[in-house]
Amino acid sequence: LVTGLYAPTARSARARPLLGKPVVDPPRSRAVRLALASLYASLELPAEAEKQLRTLMEFEPDDAAHPLALARLLVAGKRVDAAEQVMQEAIERFPAERDLRRALVDLLVSTRGPEAAERQLRAFAQAAPADAESTFALAQFFVGQGRQGDAEKTYREVIAREGTKSAGLLARSRLASMLGARRDTNGARRLVEEVLAVNPREGEALFVRGNLALAAGDPKATIADMRVIIRDQPDAAGALRILGRAHGANGEPELAMETLRRAVEADPRDIDARLELAQVMIDNGRASQARPILEIV
């Protein structure tokens, strides 16, 4: 507790002796070593911070959080090669930890450029062709880079390879979402209907179809689709937000407010849901109730 009080202040150096002894006794204290690593980093003693994190990696070799923390420390110290090596070794040790892969890609984008990140994503996909998520990550990368054509090609390759298996259906849903965003309504609708013909409760396909219906001025169809999603996923904040919007478009302000409240509760960080809830309240003479919602924003 005293260390926590000292660390953010100019008296950070006073915290170091408080942590030194517990590191020796008990030597495997995770909390103390993490605190000491953070303190050394704040004191601009990266070598000492690195030592603590590497010791934790030795004591707890099955915890993927430690190499990730070490890589971030190394990046902060401009030691990009060392950080990349730590990430690569961690990915080999924890092949199922997707957070590590995402962190490596983010590192490559910020330090070596998008071409290096693309090469790494392609390597992930080629190393595990049966792992559709690696291919989806590549497609999402293309979307983020504004390379819509490459993203579409990637999704269509998954569709051709996987057919109506779960990965093929998911690729159709994600491609439909992309097509809908660029207003290719007919293309998006065709893909969605292909998915729902196989699995009528596939959430992403229902979400896309509901959005298309709302854009076309059919809120009742949107309400029906969003309710199916919420029946299976009661805290699906995105579906709740679209459902609230659809109730508003359907002339049901009370249901709109109730549903948008649920969306905010499901994801308090969803600014759009807060703004939409406040707007519905204002439009229906409840500005005083909207004020605290907007103040949080």
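What you see is a predicted model, and the numbers here were worked out from it, not measured in a lab.
Side-chain heavy atoms closer than 4.5 Å link hydrophobic residues (I, L, V, M, F, W, Y) into clusters, and following such links, even through other members, never connects V192 to V198. Each of L240 and L255 belongs to its own hydrophobic cluster when Ile, Leu, Val, Met, Phe, Trp and Tyr are linked at side-chain heavy-atom distances under 4.5 angstrom. Criterion: ILVMFWY side-chain heavy atoms under 4.5 Å apart, direct or through other members. Under it, M178 and F207 are not part of a common hydrophobic cluster. L108 and L68 fall within a single hydrophobic cluster, where Ile, Leu, Val, Met, Phe, Trp and Tyr side chains are chained together by heavy-atom contacts under 4.5 Å.
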Quiz item: Hey, mind stepping through R54 and E50 against salt bridge (Lys or Arg N to Asp or Glu O under 4.0 Å) and telling me if it holds?
Solution: CA-CA 6 Å; R54 288 193 181 277; E50 179 180 347; 2.8 Å; yes

Practice problem: Could you check R231 against R201 for side chain to side chain contact (heavy atoms under 4.5 Å, CB included), going step by step and ending with a plain yes or no? | Solution: CA-CA 10 Å; R231 204 172 299 136; R201 303 183 74 85; 4.0 Å; yes

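Rounding to the nearest 0.5 angstrom, the gap separating the CG atom in D106 from the CG atom in L104 is 9.0 Å. Rounding to the nearest 0.5 Å gives a distance of 11.0 Å between CD of E204 and CG of L169. Summarising the geometry, atom CG belonging to L170 is positioned 11.0 Å from atom CG belonging to N199; distances are rounded to the nearest 0.5 Å. Between the CG atom in L196 and the CG atom in L191 there is a gap of 11.0 Å [rounded to 0.5 Å].
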Side chains of residues 283-290: which donor-acceptor partners sit under 3.5 Å, not counting sequence neighbours?
from, atom 1, to, atom 2, distance (Å)
D283, OD1, Q279, NE2, 2.9
N284, ND2, V280, O, 2.8
R286, NH2, E254, OE1, 3.4
R286, NH2, E254, OE2, 2.6

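Under 4.0 Å is where a charged nitrogen must lie from a carboxylate oxygen, and between E84 and R79 no such pair does. Comment: E115 does not engage R119 in a salt bridge, judged by the lack of any side-chain N to carboxylate O separation of less than 4.0 angstrom. Between R112 and D81, at least one side-chain nitrogen of the basic residue sits less than 4.0 Å from a carboxylate oxygen of the acidic one, meeting the salt-bridge criterion. Classification of D99 and R102 as a salt-bridged pair holds, one side-chain N sitting under 4.0 Å from a carboxylate O. We find that K220 and E252 are not joined by a salt bridge, their nearest charged nitrogen and carboxylate oxygen being 4.0 Å or further apart. Salt bridge status for D62 with R93: present, with a side-chain N to carboxylate O gap under 4.0 Å.
Between the side chains of Q52 and E48, no donor N or O sits under 3.5 Å from an acceptor N or O. Between the side chains of T164 and R172, no donor-acceptor pair is found at a separation under 3.5 Å. In the model, D225 has no side-chain atom that pairs as donor or acceptor with a side-chain atom of T222 under 3.5 Å. No side-chain donor from either of Q145 and Q140 sits under 3.5 Å from a side-chain acceptor of the other.
Figure legend: R101 and F124 shown as a cation-pi pair, the cationic atom lying under 6.0 angstrom from the six-membered ring centre and within 45 degrees of its axis. Within the cation-pi definition used here (under 6.0 Å to the ring centroid, within 45° of the axis), R174 qualifies as a partner of F136.
When all heavy atoms of I223 and A246 are compared, the closest pair comes out as CG1-CB, 3.6 Å. Between S42 and L39, the closest heavy-atom pair is OG-O, 2.7 Å. Closest non-hydrogen pair, R241 versus L260, comes out as O-CD2, 3.8 Å.
At a threshold of 4.5 Å between non-hydrogen side-chain atoms, the residues L70 and H66 do not count as touching.
Put simply, the side chain of E202 gets close to the backbone of A205: a donor and an acceptor are under 3.5 Å apart.
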